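Notes follow the structure.
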Amino acid sequence: MDSLIAASARALAAGDVLGALKRVALRDDPPALALRGIAMAQLGEHTRARELLKLAARGFGTHEELSRARCVVAEAEVAMAVRDFGAPPRALAAAIATLEAHADHANALQARLVAARKLLLLGRLDEAGAALAQLDATGLPPALAAVAGLAKAELALRSLNMEPARTALASAREAAERARVPALMAEVAEAQAALERPAARRLSAGCEQLLRLDEVAALLASDTLVVDACRRGIAAGASGLAGWQSLARRPILFSLARALAEAWPGDADRESLIATAFNLQAPDETHRARLRVEIGRLRALVKDVARIDATPRGFVLKPHGERTVAVLAPPIDGEQASLLALLSDGAAWSTSALALALGASQRTVQRALAELEMAGRVRSIGKARTCRWLAPPLAGYTTILLLPAALAMA
């Protein structure tokens, strides 16, 4: 490695992107192309960065498999930054094996962090947790230690494990301060700010209260019967319902549960329940009969923690014992709340990546994006295959509870 390449690499490691480019901007040998690609990625020129990294990988060829593997890892990280999840995982797995075979443990760990962070973005929390559990952070460079701490903190936050999240964030902050990379320090500060921002609204007995993440965790761990509109389910603390009952695939039952919980301690009239659950304004006897059937299904679902009694005008939710009822509403309402939460991270997402993260069809995502664009809540950049979607950040709120698979409860 010549002196200019070494100096450029040191400048990149310290966060001096322009200093790194000055040393290799006019060179087109593979090591220089790789460094230029990494520098362009840090400047936000992701398309050009990927082109340079591909050229570098081809330039190294099969006789320099270690350098080529490093280029594969760098390109995978850039692909994650632009939310391109189409690449098969085999290439990254092969690069990890090559790095470990050559005892390049720092870059192997970097690759594993890229894979784990991709799983977090897609909401596959169990797989992300297993991947992070295999990481050995002993003796890591400060920048890598900070990224590892951020990944562990995000996993803990999205699982509402607040103490592990605070511990991981403290570790990430200390490592970022040692690394002295401004972008990394800003990312840690943003993650810490999420702890203090409102994450949801509690609706109970006609009152509304903003809750932080730690307050949400305390509410879900309490004996309160919670109808969770962030993840569409019913929580009942550590007792009954096995703690959590998902209604994400039973929208009618969820709509009825939320309507009854919002009306508690009073009853909800039949007309409003039919309008909410079936989207009808002029019900007839067939709709009332269907309402009775759906209420019967909901009654069987919550029988361990509450009764649903008929009243002269409708139905009332009556929790067992001294249990109270609350609705955990998202900071933003609407069917597209999870879509907006993904887009508000500041990155440009493709429709295919959004569909993969949300577990929905690409056509469903396209329709939702068209509605949000007409409302002025999102905007597109690029055309056809290069089209990407952006949304302004939701200032004052954290959207952690709206992200896919935000909480895995037993």
Side-chain angles (χ1 to χ4, degrees), residues 15 17 37-51 53 73-87 89 92 110 113-125 128 146-147 150-151 153-155 157-158 172 181-194 197 331-332 336-360 362 365-366 368-369 372-373 376-406:
V17 180
I38 296 170
M40 296 303 287
Q42 292 187 18
L43 290 174
E45 297 291 337
H46 297 113
T47 301
R48 181 58 178 157
R50 297 183 76 178
E51 292 173 356
L53 289 167
V73 173
E75 188 189 348
E77 189 164 15
V78 177
M80 183 180 64
V82 296
R83 304 302 188 255
D84 181 358
F85 303 135
L92 187 58
Q110 172 81 351
L113 281 172
V114 169
R117 289 163 66 196
K118 177 181 175 180
L119 292 170
L120 284 172
L121 283 171
L122 294 176
R124 292 153 62 176
L125 302 189
V147 173
L150 281 170
E154 182 179 351
L155 176 64
L157 285 174
R158 291 179 65 176
V181 178
L184 200 52
M185 295 171 69
E187 191 173 352
V188 173
E190 176 62 23
Q192 288 183 311
R197 293 192 191 122
I332 52 173
Q336 296 93 3
S338 292
L339 183 58
L340 284 172
L342 285 172
L343 290 171
S344 66
D345 67 355
W349 288 72
S350 66
T351 53
S352 58
L354 289 167
L356 188 61
L358 293 171
Q362 194 166 339
V365 171
Q366 288 170 341
L369 288 170
L372 290 170
E373 187 177 32
R377 304 183 73 179
V378 302
R379 64 184 178 91
S380 62
I381 54 175
K383 298 287 186 181
R385 293 173 65 92
T386 63
C387 180
R388 296 292 186 270
W389 293 88
L390 293 162
L394 299 170
Y397 291 95
T398 178
T399 56
I400 286 173
L401 296 182
L402 297 175
L403 297 175

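Quantities reported herein were computed from a predicted structural model and do not represent experimental measurements. For the numbers below, each heavy atom of this structure counts, side chains included, while hydrogens, waters and symmetry mates do not.
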Is there a side-chain contact (heavy atoms from CB on, under 4.5 Å) between L343 and L354? Walk through the geometry before answering. CA-CA 9 Å; L343 290 171; L354 289 167; 4.1 Å; yes
Could you walk me through whether R83 and D345 pass side-chain contact (heavy atoms from CB on, under 4.5 Å), step by step? CA-CA 11 Å; R83 304 302 188 255; D345 67 355; 2.7 Å; yes
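For R377, there are no side chain to side chain donor-acceptor pair (under 3.5 Å) partners at least two apart in sequence or on another chain. Remark: Q336 engages L339, A368, E371, L372 in a side chain to side chain contact (heavy atoms under 4.5 Å, CB included) (not counting sequence neighbours). When the side chain to side chain contact (heavy atoms under 4.5 Å, CB included) test is applied to S352, the partners found at least two apart in sequence or on another chain are S350, Q362. Scanning for side chain to side chain contact (heavy atoms under 4.5 Å, CB included) contacts around A115 gives L92, with sequence neighbours left out. Applying the side chain to side chain donor-acceptor pair (under 3.5 Å) criterion to W389, with sequence neighbours excluded, gives no partner residue. Shown here are the salt bridge (charged side-chain N to carboxylate O under 4.0 Å, His left out) partners of R388, two or more places apart in sequence or in another chain: there are none. R48 pairs by the side chain to side chain donor-acceptor pair (under 3.5 Å) definition with E51, not counting sequence neighbours.
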Please tabulate, for side-chain N and O atoms in residues 184-193, each donor-acceptor pair with protein atoms closer than 3.5 Å (sequence neighbours left out).
residue	atom	partner	partner atom	Å
E190	OE1	R197	NH2	3.2
E190	OE2	R197	NH1	2.9
E190	OE2	R197	NH2	3.1

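The pair R117-E154 fails the salt-bridge criterion, with no side-chain N (NZ, NE, NH1 or NH2) lying under 4.0 Å from an Asp/Glu carboxylate O.
Closest approach of V365 to A355, counting heavy atoms only: CG2-CA, 3.7 Å.
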